[in-house]
There are 2 protein chains.
Amino acid sequence: MQRRNPEATRRKLLVAARHEFAASGLAGARVDEIAARAGVNKQLVYHYFGDKDAIYLAVLEWVYEEIREQERKLNLEGLPPEAAIRKLIEASFDHLAAHPDFIVLLNDENRGGARHVRGSKRLEAMHSPLVSMVSKILKQGVQNGAFRRGIDPVQLYISIAALSYFFFSNTPTLSAIFGKDLRSPAAQRARRKHVVDLVMQSLRP
Amino acid sequence: MQRRNPEATRRKLLVAARHEFAASGLAGARVDEIAARAGVNKQLVYHYFGDKDAIYLAVLEWVYEEIREQERKLNLEGLPPEAAIRKLIEASFDHLAAHPDFIVLLNDENRGGARHVRGSKRLEAMHSPLVSMVSKILKQGVQNGAFRRGIDPVQLYISIAALSYFFFSNTPTLSAIFGKDLRSPAAQRARRKHVVDLVMQSLRP
DNA sequence: GTGATTGTCAACTGGCTGGTTGGAAATGCT
DNA sequence: AGCATTTCCAACCAGCCAGTTGACAATCAC
């Protein structure tokens, strides 16, 4: 019998589950596979998390916590509005580039109507600071003449997310359609540049 | 024994499969359920399509054909560049609004690396006319002074798709995050308006 | 009308699945 | 040291799953 380390065991299960759910979706993921990936006995999934849905939710909470953490670390205070929006767009793009599993997990969760997200007290408490940031930056930008009036901060937030998220989310089918590899560093650089450009040009007065 | 109608049977199976794959993804969808939804004997799935993957691919080909059909019917010829882009954005938005299952099917297919799409001769032959359309419109717009120079048509095509697709794709989680129903007609109208606005403002010289 | 082909039916099947059970042993507390 | 609790192990299990099989009958072609 293995020496005990409950925290490490729990962690290994979460890491394995993250990979498995990203690869196979909730319905396709296999508890046996999660345990095998973690290198532990399958019963430990039930021991630590209770059931398949519960470990799935724990993974969702984890990936959301990551992106919220990144958002909190943005440090846009004191930047001129244009530089702030640019930084925000770039950071958002970079986070998605570094965490493609966030995207596929979210897509699968959305297909199921966000049932788990909606039932989570923890996620409910996990506000994104970004909308109020965007709102403040827009106001400052309008005041100093850098941005046009009348832009809704929620809509802009969604659009900034959309322009990067969709690219990563749909890279396989887009690559198939265009017959070129959008996963390449060059393609990602081009996309990042375009996203920044499209938004910044749109915000002009 | 039922009177025979092979075309109707095949059709019923495809319709049912479309619903089931959209609801449950490829891994989660059940052949029994597809047959039950279609109101036919399960063995007919195998008779008409061969196996689960094959009926899944048939559904993908169907939904792609639909969007290609809509694209072909756009009739942008002769429109001024600004009106043409606007119409294109609006039609794209409207198609996604009317076919949310296209989005979830594509998301699931992308999670699997677009394996089916990449293997389909039929989809390979199914070019989107949109990139060349966008390219032509941009050129005309630059020439007549309506649009700024240097916009890549492929990137713009991806962005136009992104701004609508992401909104519909992520409506459940976004609704949960914002605590408001983005599925409502008012929310969709607001989004449509914003998408048109963001892009048109961005294209200004 | 006859035979071949095709569409439809019902039942079957080997392996897979999420979850359960019983027990061993590591650990902590008194 | 003894007992209680917690962590870990291995095996089990009822039901599910994609796919198969055998047969019937509708339809077509000659």
Side-chain angles (χ1 to χ4, degrees), chain A residues 1-61 105 108-109 111-112 115-116 119-120, chain B residues 1-61 105 108-109 111-112 115-116 119-120:
Chain A
M1 174 135 340
Q2 184 82 297
R3 189 157 216 95
R4 294 175 181 197
N5 190 338
E7 292 191 347
T9 301
R10 193 174 189 281
R11 182 72 187 181
K12 279 190 282 191
L13 282 169
L14 269 175
V15 170
R18 183 172 176 161
H19 283 115
E20 179 64 10
F21 288 126
S24 307
L26 173 58
R30 296 294 174 251
V31 178
D32 278 342
E33 186 62 34
I34 291 167
R37 281 183 191 253
V40 303
N41 185 282
K42 173 172 130 178
Q43 195 271 333
L44 298 183
V45 174
Y46 301 96
H47 175 76
Y48 282 100
F49 297 97
D51 62 15
K52 188 179 175 182
D53 264 20
I55 191 172
Y56 173 76
L57 177 59
V59 169
L60 282 186
E61 286 169 350
L105 287 166
D108 202 50
E109 176 62 8
R111 184 168 53 70
R115 176 165 58 89
H116 300 85
S120 164
Chain B
M1 169 126 353
Q2 183 81 294
R3 189 155 217 93
R4 294 174 176 197
N5 190 338
E7 293 192 344
T9 300
R10 193 174 189 280
R11 183 73 189 180
K12 281 190 280 190
L13 282 170
L14 269 175
V15 169
R18 182 171 175 163
H19 283 116
E20 178 65 9
F21 287 126
S24 307
L26 174 58
R30 295 295 174 249
V31 178
D32 279 337
E33 184 63 34
I34 291 168
R37 283 181 189 252
V40 302
N41 185 283
K42 172 171 131 180
Q43 196 272 332
L44 298 184
V45 174
Y46 301 96
H47 174 78
Y48 283 99
F49 297 97
D51 62 16
K52 187 179 177 183
D53 265 17
I55 191 173
Y56 172 77
L57 177 59
V59 169
L60 282 185
E61 286 169 349
L105 287 165
D108 203 50
E109 177 61 9
R111 183 166 54 69
R115 176 165 57 91
H116 300 84
S120 163

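Here is how names work: the chains are called A, B, and so on, in the same order as the sequence lines, proteins then strands, and each is numbered from 1.
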Qualifying residue, where the test is side-chain contact (heavy atoms from CB on, under 4.5 Å) with B:Val15 and the options are B:Arg11, B:Arg18, B:Lys12: B:Arg11
Pick the closest DNA chain C nucleotide for B:His47 and for A:Lys52 by heavy atoms, then say which residue is nearer the 5' end. B:His47
Nearest-neighbour nucleotide for the B:Tyr46 side chain, C:dG18, D:dT7, D:dG19 considered: D:dG19
Ignoring the backbone of B:Asn41, work out which of C:dA10, C:dT20, D:dG19 is nearest its side chain. C:dA10
Taking atom [atom2] of [N] as reference, at what distance in whole Å does atom [atom1] of [X] sit?
X       : N      : atom1 : atom2 : answer
B:Asp53 : D:dA18 : CG    : P     : 11 Å
A:Arg11 : D:dT7  : CZ    : P     : 18 Å
A:Leu44 : C:dG18 : CG    : C1'   : 15 Å
B:Asn5  : C:dG7  : CG    : C1'   : 11 Å
A:Asp51 : C:dT20 : CG    : P     : 8 Å
A:Ile55 : C:dG18 : CD1   : P     : 12 Å
B:Lys12 : C:dT8  : NZ    : C1'   : 11 Å
A:Glu7  : D:dC8  : CD    : C1'   : 16 Å

Keeping the roles fixed (side chain from B:Lys52, backbone from B:Ala29), state whether a donor-acceptor pair exists under 3.5 Å. yes
Any donor-acceptor pair under 3.5 Å from A:Arg10 side chain to A:Tyr48 backbone: no
Specify the residue among A:Tyr48 and A:Lys42 whose closest nucleotide of DNA chain D lies further upstream toward the 5′ end. A:Tyr48
Quick test: give all pairs of protein nitrogen or oxygen and nucleotides 22-26 of chain C nitrogen or oxygen below 3.5 Å, distance rounded to 0.1 Å.
residue: C:dA25; atom: N3; partner: A:Arg4; partner atom: NH2; Å: 3.3
residue: C:dA26; atom: N3; partner: A:Arg4; partner atom: NH1; Å: 3.1
residue: C:dA26; atom: N3; partner: A:Arg4; partner atom: NH2; Å: 2.6

Rounded to the nearest 0.5 Å, what separates atom OH in B:Tyr46 from atom CG in B:Asp51? 8.0 Å
Residues in contact with DNA chain D, drawn from residues 20-33 of chain A - heavy-atom cutoff 4.0 Å: none
Check nucleotides 28-30 of chain C for protein N or O atoms closer than 3.5 Å to its own N or O atoms and list the pairs.
none

Tell me whether the OP1 or OP2 atom of D:dT7 has a side-chain N or O from A:Thr9 closer than 4.0 Å. no
Tell me, which pairs form a side-chain hydrogen bond (donor to acceptor under 3.5 Å, both in side chains) where one or both residues lie in residues 27-42 of chain A, sequence neighbours left out? A:Glu20-A:Arg37, A:Asp32-A:Lys42
Quick one: side-chain contact (heavy atoms from CB on, under 4.5 Å) partners of A:Ala58, sequence neighbours excluded? A:Leu14, A:Phe49
Contacts of B:His116 that satisfy side-chain contact (heavy atoms from CB on, under 4.5 Å) - sequence neighbours left out: B:Leu26, B:Asp53, B:Tyr56, B:Leu57, B:Leu60, B:Glu109
